[in-house]
Structure formats: C-alpha cells, structure tokens
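In what follows, a single structure is set out as structure tokens and then discussed.
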Amino acid sequence: MKIRLPDGKELELRPNATVADVAEALGGRWRKEAVGAIVDGELYDLLKPLPEGAEVRLITKKDPEFQHLFRHTLAHVLAQAVKEFFTQKGYPEDAVKLGIGPVIENGFYYDIDPPEPISDADLPAIEAIMRDILRRNLPLRRTVLSREEALARYQDKDPYKTELIGDIPEGEPISFYSQEGFTDLCRGPHVPRTGMIPPHFKLTHVAGAYFKGDHTRPQLQRVYGVAFRTKEELKEHLWRIEAAKQRDHRKLGRELELFLVDPMVGKGLVLWLPKGNVLREELITLMRSEQKARGYQLVTTPHIGSLELYKTSGHYPYYAESQFPPMTLEDDEAYLLKPMNCPHHIRIFAAKKRSYRELPLRLAEFGTVYRFEQSGELHGLTRVRGFTQDDAHIFCTPDQVKDEFKSVIELTLYVLKILGLSDFRARIGTREPGSDKYVGDDALWNRAERQIQEAAEEMGLDFTLEAGDAAFYGPKLDFVVRDALGREWQLGTIQVDYNLPQRFDLTYTGPDGTPHRPVMIHRAPFGSIERFVGIIIEHFAGEFPLWLAPIQTVIIPITDRHTEYAQKVNAELSAAGLRSEVDGRQERMQAKIRDWEKQKVPIILVVGDREMEEGTVAVRDRRKKTRYVMAVDELIQSLKERIAERRLE
RNA sequence: GCCGGUGUAGCUCAGCGGUAGAGCAACCGCCUCGUAAGCGGUAGGUCGUCGGUUCAAAUCCGACCGCCGGCUCCA
C-alpha cells in the first residue's frame with residue numbers, strides 16, 4: 001500500500017501498515033520518537049492500520065496531540081487499576097463492570113460500576129496502582145474482532161460493554177486495546193506502552209453519572225482525573241483550580257456580604273443583602289436606560305397567574321415537572337407561580353386592537369419568575385428557584401423579525417462590553433430532527449431558524465449550531481459564559497416565537513385593514529439577574545469597578561480629632577451621589593485599611609492633620625494601585641466622571 | 001431527583017468513645033496612632049435534626065435535612 005507524507009513524498013508500505021511502520025520506514029529519530037500521527041486530519045496511534053493513500057503526518061511527544069493519546073490510555077489504566085483494587089479486596093475478576101472512559105478537557109474519566117462504592121478516600125490507593133502499571137511499562141496491542149466474537153467476550157460479564165458493542169454501526173471495525181491484565185473495547189487511539197505516559201496525573205474526584213447520560217438507566221461511578229505532559233503543567237492546573245476557588249461567588253458573596261441563601265427561607269431562594277442589592281440595582285439601571293434608548297416600554301405584572309393562562313400558553317403541563325405545583329382554591333380555581341413572563345405580556349398586547357403602526361411593540365419587565373429546579377442542581381446564584389429576568393417581549397411583523405433580532409444582539413453585546421465580559425460564546429439552538437417535543441409547524445420553524453442565523457451572521461457574531469437546543473416554541477440564540485471553575489452558564493437569550501401568538505390568537509390590523517398574526521421575540525440580555533450577578537462577582541473576583549462597587553469610598557480618620565473632618569468629607573461625597581462611609585471605629589488606621597482592603601473597597605481616603613489643614617484627602621486607589629493626595633472637590637469630580645462613564649477601572 | 005462526600009461559635013478550622021477548643025469577627029475597656037492585623041478583658045455552641053448502640057456519643061450506626069462535587073434537567 002501507499003501513503004503520502006507532508007512533503008508530498010509517497011511511501012510504499014506492506015498491506016495494512018500502521019503508523020509504526022511509517023516511523024520504521026522513515027528511520028532515524030522517527031523510529032524512536034513517533035507516538036502517533038495525524039492521518040487525513042484524524043489522530044491515529046501507532047497501532048491502527050492506515051487507509052490506502054492516506055496523508056500521514058507523524059507526531060512526537062512534543063506535539064499537543066500527544067496529550068490526547070496518553071490521557072486516553074490513562075483512562076484504561078484507571079479502569080485496570082480499579083479492577084485490581086477490587087480483586088485485591090477479594091472480589092472476583094469480573095466484579096467491576098465498565099461504561100465508557102473518554103478524554104476530556106485537562107484529563108479523562110472512566111464510568112465504572114463497582115461491587116461496592118468507590119469513595120474519594122480510595123483514590124490515592126487506586127492512583128498508586130496506576131503508577132505501578134506505568135512503571136511496569138506494559139505494551140498495548142490492538143485487535144479487531146467480529147461482532148459475534150466481541151459479544152461473546154462480554155457475554156454475561158458486562159452488560160454495558162455488550163450494549164456499547166451493539167451501538168457500533170455495521171461495517172465499522174470493533175477494536176479492542178489490551179495490555180497485560182486488561183482489555184477494553186475501544187476505538188483508540190493510545191500510546192504504545194504504559195511507560196510512555198507522563199506520570200503527571202492525579203485522580204481528582206468521583207461522582208455519579210447515568211449510563212449514556214440517561215436518568216432512567218443505572219447510575220455508574222465516574223472517576224475523574226487530570227493529566228499533563230509536565231509536572232509544571234499539572235502544578236499550574238492545580239494552582240489555577242485553587243485560585244479559581246478564591247473567586248467563587250458563593251465564597252465572595254459571604255465574605256463581602258452580598259447575598260444569602262437561608263435554608264429556613266428555602267433552598268434556591270436568594271436573600272439580597274444591602275451590598276449585593278447595589279450590584280443588582282446598578283445592572284438594572286444600566287439595562288433600563290439602554291432599553292429606554294431602544295424603544296422599550298416598561299410594564300409590571302404579578303408573580304402569579306391563572307393556571308388557564310399557562311394551559312393556553314402550553315407551559316402547563318409541558319413544564320409541570322419544573323414548576324412549583326399549582327395553588328388550587330376551593331372552587332377549583334388554580335394559580336401558578338409564574339415560571340415565565342410572556343403570557344402576562346401577551347395579555348397586555350391582546351388588551352386592545354393593535355395596529356401595524358404600533359409595531360414593533362416592545363414590552364419590558366424585570367420580572368421575577370419561579371422554577372422548581374431539581375435540588376441537586378441548585379448552585380449559589382447561578383442556579384436558583386426564584387430569579388428576576390431582564391425580560392422583554394417584542395411583538396412585530398414577520399418582516400421586522402430580523403432587524404429586531406439584530407438590535408437585541410447589539411444591545412447584548414453592548415452591555416457585555418461595558419462589563420468587560422469578552423469570554424463568552426454564542427450558540428444557536430435549533431430543533432432536534434424527528435423529535436415531537438416542539439409545537440408549531442415546520443414552515444414557521446424553518447423560517448425562524450433561518451432568520452436567527454442570518455441576523456447573527458449580519459451582526460458578525462461567531463456562533464455554533466446546536467440541534468435540539470431550541471425552546472419548545474421556537475429556535476433561539478444563547479450567550480454562554482464560563483464561571484471561575486470552568487463551568488458553562490447560559491446568560492442572555494433571544495428567541496423567535498411564531499407559536500404563542502397563534503395559541504393566544506394574537507392579531508394586529510395591517511395596512512390592508514385585515515387582521516395579521518404578529519411574531520414574538522422573547523429576549524433577556526442578562527438572562528437571570530441572579531445568575532448574571534454571580535458571574536459578574538467571579539469575573540471581577542469581587543473587585544468591582546467604581547460604578548458597581550457597593551461601597552465606593554471609605555474615609556478613615558487617623559485619630560479621633562480627625563473624625564469631624566472625615567464626616568464633613570463624607571457628607572460632600574454622599575451629596576455628590578457616591579456610596580461613602582466613615583470608619584469611626586476605635587482602631588488603628590492600619591487595621592482599618594486592612595479591613596477595607598479585604599472588603600475590596602475601590603477608594604480608601606485617609607485624613608489626618610495635613611489633609612484637614614489643606615482641605616484634601618489622601619487617596620488609596622485599589623484598582624489603580626496608586627496613592628495620591630487630592631483636594632476634595634477635585635476628587636469628587638474625577639470619581640463622578642469614572643462612574644458616569646462606567647469605566648472598568 | 002440520583003451517586004459520592006460533608007455538616008463543631010457569625011467566619012475559618014482543631015478535637016473523632018470519658019461530656020467542647022483556637023484564631024478572626026462581635027461586645028467592653030485601655031491606646032490617639034500616617035497607609036494591610038496595638039493591648040487586655042467579656043460573651044457566644046442542645047457539636048445539622050431525630051433515632052439507635054454503649055455505663056458513657058461531637059466522636060460509632062441508621063434515617064432525614066442542608067451544603068459541596070458530578071449526573072439528569074433547564075421554557
């Protein structure tokens with residue numbers, strides 16, 4: 001057979017040759033250093049036969065792809081180690097059953113069904129066995145079996161693997177990778193010997209995971225590990241995790257007294273403390289003024305609505321699982337805590353005859369909604385059971401959809417930019433083909449999906465398409481960010497909806513004097529204010545820019561005799577609209593500075609004899625990391641500017 | 001909801017079969033101080049809850065509740 005090399009040269013090899021044969025043929029340092037290859041764009045190991053005519057680029061330990069190879073093999077080593085761990089405990093050879101063991105960002109995991117639960121405390125012992133397997137430097141072999149042979153291998157031994165074999169499409173090779181003492185169904189690729197795996201890995205935690213991610217299937221135990229090429233990368237990674245924990249919004253929320261989740265009030269229900277509420281209010285003020293500038297009108301609607309309303313909208317019983325149960329009155333009248341604002345806004349639209357001249361009609365509300373999220377899913381501010389959306393519903397003509405959609409993208413990008421949030425991605429959720437969980441007819445769906453994509457493209461937005469991520473009534477564009485620990489959260493969302501107007505039989509009178517069906521756009525640039533504040537806390541690590549800071553300035557008198565002057569300065573700052581305080585505690589100046597630095601207050605003003613005489617303040621600017629003396633009115637002027645422009649400094 | 005872990009003072013944590021401790025915070029007092037912790041004192045906990053084992057339980061066991069890490073879900 002023949003293959004092609006990156007320099008265009010062809011190489012003649014024996015039939016069914018592997019990357020190892022290529023390395024051998026090339027000789028020299030390749031023979032020693034090749035660990036795999038990129039074959040027609042796909043990562044191959046040394047063991048898998050090459051396709052005829054393939055383009056082969058060899059890789060060594062220095063290439064980033066190497067990481068993928070050894071992480072994958074580490075997953076196998078982990079599974080082997082767990083098997084040995086339980087054999088040592090006296091369990092039979094096949095007591096441990098295996099799911100899948102893939103490579104993930106920074107490492108790998110393996111889903112395991114053990115004879116008794118694995119706990120975090122077992123990880124060091126399992127890790128020790130893994131290191132021993134690396135030390136033994138076991139060679140890996142790749143074998144291909146027929147479907148019958150493969151099934152026979154796991155017959156009555158491992159139901160998961162049996163099922164996985166069944167999932168392999170007809171015609172694809174059913175390959176196994178083995179090393180001494182362990183064989184696994186696997187498509188590869190792997191390193192050729194366990195000794196080639198860098199020993200810089202660590203098992204991090206164990207968690208439950210449903211087989212194939214399906215909660216109706218058995219739950220396996222997923223053991224997670226991280227692995228890197230060098231000791232430094234591993235250390236760096238572990239350090240980053242520790243550093244990220246320092247900016248966890250739940251920790252900062254407690255330390256900076258921003259918010260509280262009190263079990264006595266109820267889980268997933270946020271109590272906003274005075275300081276945290278400042279963040280909320282500032283963000284709402286920002287959004288309110290931007291929306292006003294873009295032609296939105298504010299409305300206010302109640303926290304509950306009649307069950308009939310949600311039956312008409314289709315939210316009930318479709319989402320009954322994730323709603324607080326209806327409140328039923330004696331005469332069978334029932335109400336639902338509102339899980340969404342749209343039905344209320346729809347009734348405002350429907351309240352009178354609407355003309356095409358009124359459209360687009362943009363009804364906005366910072367509306368609080370309640371959803372019965374699963375208890376295990378609750379998480380600080382980012383997953384709660386009651387939250388406020390910066391919600392609005394745009395009622396428009398079909399022709400206006402794209403422009404309105406683009407305008408919302410513009411608004412969203414604008415506020416994200418003000419906050420310096422640049423690390424987000426956009427994804428367009430479309431229907432999952434063949435699923436029956438959507439309402440509305442195909443033509444409308446196709447049209448909406450096309451309009452969203454065009455709007456995003458025309459706004460120059462990079463996005464990914466994700467089938468199955470649509471809302472039940474229409475496709476959507478979501479903005480997604482990562483928190484300090486790398487978890488992804490959905491923030492803003494824009495959704496086109498042809499269906500609710502139909503369900504509520506909404507119409508407007510067109511220029512032709514006849515009724516027409518409006519289109520709705522659901523949109524929330526922040527999404528949930530709670531979640532957004534949570535992300536903002538982590539984004540700034542609690543060191544908020546001046547305009548957001550709950551306390552903007554603190555004045556520290558050096559001794560008692562400076563307190564009066566401090567209060568005078570404070571009065572001037574407060575009159576100028578700054579959130580300011582005097583620290584009049586019986587403490588040394590140093591101690592006060594330390595306390596307020598820990599509270600991450602942006603501006604600390606120290607006043608003593610000199611300042612009192614000159615009518616100045618000594619400024620300690622946290623974000624600029626500088627100190628300077630300034631006249632009070634001058635300072636006020638400069639701070640007001642920073643705030644008005646919402647500068648990030 | 002499921003699997004695993006965890007729960008001691010407001011916070012961070014020690015104690016892990018013999019009946020509860022530290023630092024910080026709070027409160028009182030002294031100190032009047034120039035850019036990240038001055039000193040002394042006081043008060044504060046039915047050791048998440050309920051049940052079991054034991055002469056004796058914060059400590060061992062069970063259930064429940066909360067929290068943490070995942071999984072599932074997310075209009």
Side-chain angles (χ1 to χ4, degrees), chain A residues 109 111-114 117-123 204-224 245 248 250-251 254-255 257 261-264 266-268 310 313-316 318-323 338-343 369 371-380 383 389 391 429 437-439 469-474 476 478 485 487 489-490 493 495 497 499-500 522 524 527-528 531 556-563 586-599 604-611 618-620 622 627 629:
Chain A
Y109 70 75
D111 283 348
I112 296 161
D113 182 1
I118 301 169
S119 84
D120 291 336
D122 297 326
L123 296 183
T204 52
H205 57 290
V206 41
Y210 296 103
F211 183 53
K212 291 184 172 175
D214 180 346
H215 71 284
T216 64
R217 308 298 304 273
Q219 194 165 39
L220 310 181
Q221 284 198 290
R222 177 170 296 177
V223 179
Y224 284 91
K245 285 183 186 161
D248 189 314
R250 294 165 299 184
K251 178 179 154 73
R254 190 167 47 238
E255 289 173 359
E257 296 186 356
V261 181
D262 179 0
M264 196 167 179
K267 50 187 172 183
Y310 299 103
S313 72
H315 290 110
Y316 191 90
Y318 190 88
Y319 282 105
E321 291 280 285
S322 44
Q323 288 160 3
K338 74 174 171 189
M340 302 211 77
N341 300 304
C342 36
V369 298
R371 297 182 186 176
F372 190 73
E373 303 289 358
Q374 300 198 32
S375 63
E377 194 53 52
L378 300 173
H379 184 98
R383 182 62 128 227
Q389 296 176 312
D391 208 359
K437 64 178 189 178
Y438 308 103
V439 297
D469 262 358
F472 76 95
Y473 49 69
K476 58 176 185 168
D478 292 330
L485 288 163
R487 290 176 284 226
W489 299 98
Q490 178 196 312
T493 180
Q495 308 169 358
D497 180 1
N499 294 296
L500 283 180
H522 308 241
S528 142
R531 176 178 291 178
I556 298 177
I558 291 175
T559 74
D560 284 351
R561 67 175 179 279
H562 308 118
T563 304
Q586 292 300 303
E587 273 296 347
R588 289 172 71 220
M589 178 196 69
Q590 283 87 339
K592 293 182 187 178
I593 289 175
R594 180 169 193 271
D595 288 347
W596 291 109
E597 284 289 351
K598 277 171 66 183
Q599 283 292 305
I604 294 174
L605 303 171
V606 177
V607 297
D609 290 337
R610 291 201 294 271
E611 289 75 19
V619 184
R620 197 184 154 103
R622 184 179 176 87
R627 300 215 302 263
V629 176

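The analysis underlying the following values was restricted to heavy atoms, covering all of them including side chains, and did not include hydrogens, waters or symmetry mates. Note that this is a predicted model, so its numbers are computed, not measured. So that the names make sense, note that chain A is the first sequence line, chain B the second, and so on, each numbered from 1.
R371(A) pairs by the salt bridge (charged side-chain N to carboxylate O under 4.0 Å, His left out) definition with nothing, not counting sequence neighbours. Scanning for salt bridge (charged side-chain N to carboxylate O under 4.0 Å, His left out) contacts around D113(A) gives an empty result, with sequence neighbours left out. Applying the salt bridge (charged side-chain N to carboxylate O under 4.0 Å, His left out) rule to K212(A) yields the partners E163(A), D167(A); only residues at least two apart in sequence or on another chain are considered.
With a 4.5 Å cut-off on side-chain heavy atoms, V206(A) and S119(A) do not count as touching. When side chains are defined from C-beta on, I604(A) does not count as touching R622(A), because their heavy atoms never get closer than 4.5 Å.
Summarising the base pairing, U35(B) is matched to no nucleotide, lacking a Watson-Crick or G-U wobble pair whose two defining distances lie under 3.5 Å. Of the nucleotides present, U6(B) is the one that pairs with G66(B) by Watson-Crick or G-U wobble criteria, both distances under 3.5 Å. In this structure U42(B) sits in a base pair with A26(B), meeting the Watson-Crick or G-U test at under 3.5 Å. Using N1 to N3 plus N6-O4 or O6-N4 for Watson-Crick, or N1-O2 and O6-N3 for G-U wobble, each under 3.5 Å, C60(B) pairs with G52(B).
For Y438(A) and F472(A), the gap between ring centers reaches or exceeds 6.0 Å. Proximity of the aromatic rings of Y310(A) and Y319(A) is defined here by a centroid distance below 6.0 angstrom, and this criterion is not met.
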Practice problem: Sugar-phosphate atoms are those with a prime plus P, OP1 and OP2; base atoms are the rest. Using that split, label each nucleotide of nucleotides 4-17 of chain B B, S or - for protein heavy atoms under 4.0 Å, 5' to 3'. | Solution: SS-----SS-----

Self-check item: Contact pattern, 5' to 3', of nucleotides 24-33 of chain B - B, S or - by protein heavy atom under 4.0 Å
Solution: -------BBB

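Rounded to an integer number of Å, the gap from NE2 of H205(A) to C1' of G69(B) is 6 Å. For the pair I556(A) CD1 and A36(B) P, the interatomic distance rounds to 10 Å; values are reported in whole Å. Here C73(B) presents its P atom at 13 Å from CD of E321(A), a figure rounded to the nearest Å. Regarding D111(A), its CG atom lies at a distance of 14 Å from the C1' atom of C2(B), rounded to whole Å. In this entry the distance linking CZ of R371(A) with C1' of C73(B) reads 12 Å, nearest Å. Between the P atom of C71(B) and the CZ atom of R383(A) lies a distance of 12 Å, rounded to the nearest Å. Between the CD atom of Q323(A) and the P atom of C74(B) there is a distance of 13 Å, rounded to whole Å. Atoms CG (L220(A)) and C1' (C71(B)) sit 10 Å apart, rounded to a whole Å.
Judged by distance alone, with hydrogens and angles left aside, S313(A) brings no side-chain donor or acceptor close enough to the base of A75(B) to form a pair under 3.5 Å. With hydrogens and angles ignored, no donor-acceptor pair under 3.5 angstrom links the side chain of Y210(A) to the base of G70(B). Applying the 3.5 Å distance criterion, the base of G1(B) shares no donor-acceptor pair with the side chain of E373(A).
As rounded to the nearest Å, C16(B) and A57(B) have C1' atoms that lie 10 Å from one another.
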Self-check item: Evaluation steps, salt bridge (charged side-chain N to carboxylate O under 4.0 Å, His left out), between R383(A) and E373(A)
Solution: CA-CA 8 Å; R383(A) 182 62 128 227; E373(A) 303 289 358; 3.6 Å; yes

Quiz item: Is there a side-chain contact (heavy atoms from CB on, under 4.5 Å) between Q599(A) and E255(A) once you walk through the steps?
Solution: CA-CA 8 Å; Q599(A) 283 292 305; E255(A) 289 173 359; 5.6 Å; no

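Between the side chain of S313(A) and the main chain of P343(A), no donor-acceptor pair closer than 3.5 Å is present.
With centres under 5.5 Å and a plane angle under 30° as the test, the ring of Y473(A) is not stacked against the base of A75(B).
Between H522(A) and Y473(A), the angle of the ring planes stays under 30°, which puts this pair in the parallel group of the 30/60° scheme.
Looking at the side chain of E611(A), the nearest of the listed nucleotides G34(B), C71(B), A75(B) is G34(B). Closest to the side chain of I593(A), out of A75(B), U35(B), G70(B), is U35(B). Set against G34(B), G69(B), C71(B), the side chain of D609(A) has G34(B) as its closest nucleotide. Between C2(B), G34(B), G1(B), one nucleotide has an atom nearer to the side chain of Q219(A) than all others, and that is C2(B).
Each of D478(A) and R594(A) has a nearest nucleotide on RNA chain B; the 5'-most of these lies closest to R594(A).
Judged by distance alone, the side chains of D120(A) and H205(A) never bring a donor and an acceptor atom under 3.5 Å apart.
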Polar-atom pairs under 3.5 Å, protein N or O versus N or O of nucleotides 63-67 of chain B: list them with distances, or write none.
unit_1: G66(B); atom_1: OP1; unit_2: K267(A); atom_2: NZ; d: 2.4
unit_1: G66(B); atom_1: OP2; unit_2: K267(A); atom_2: NZ; d: 3.3

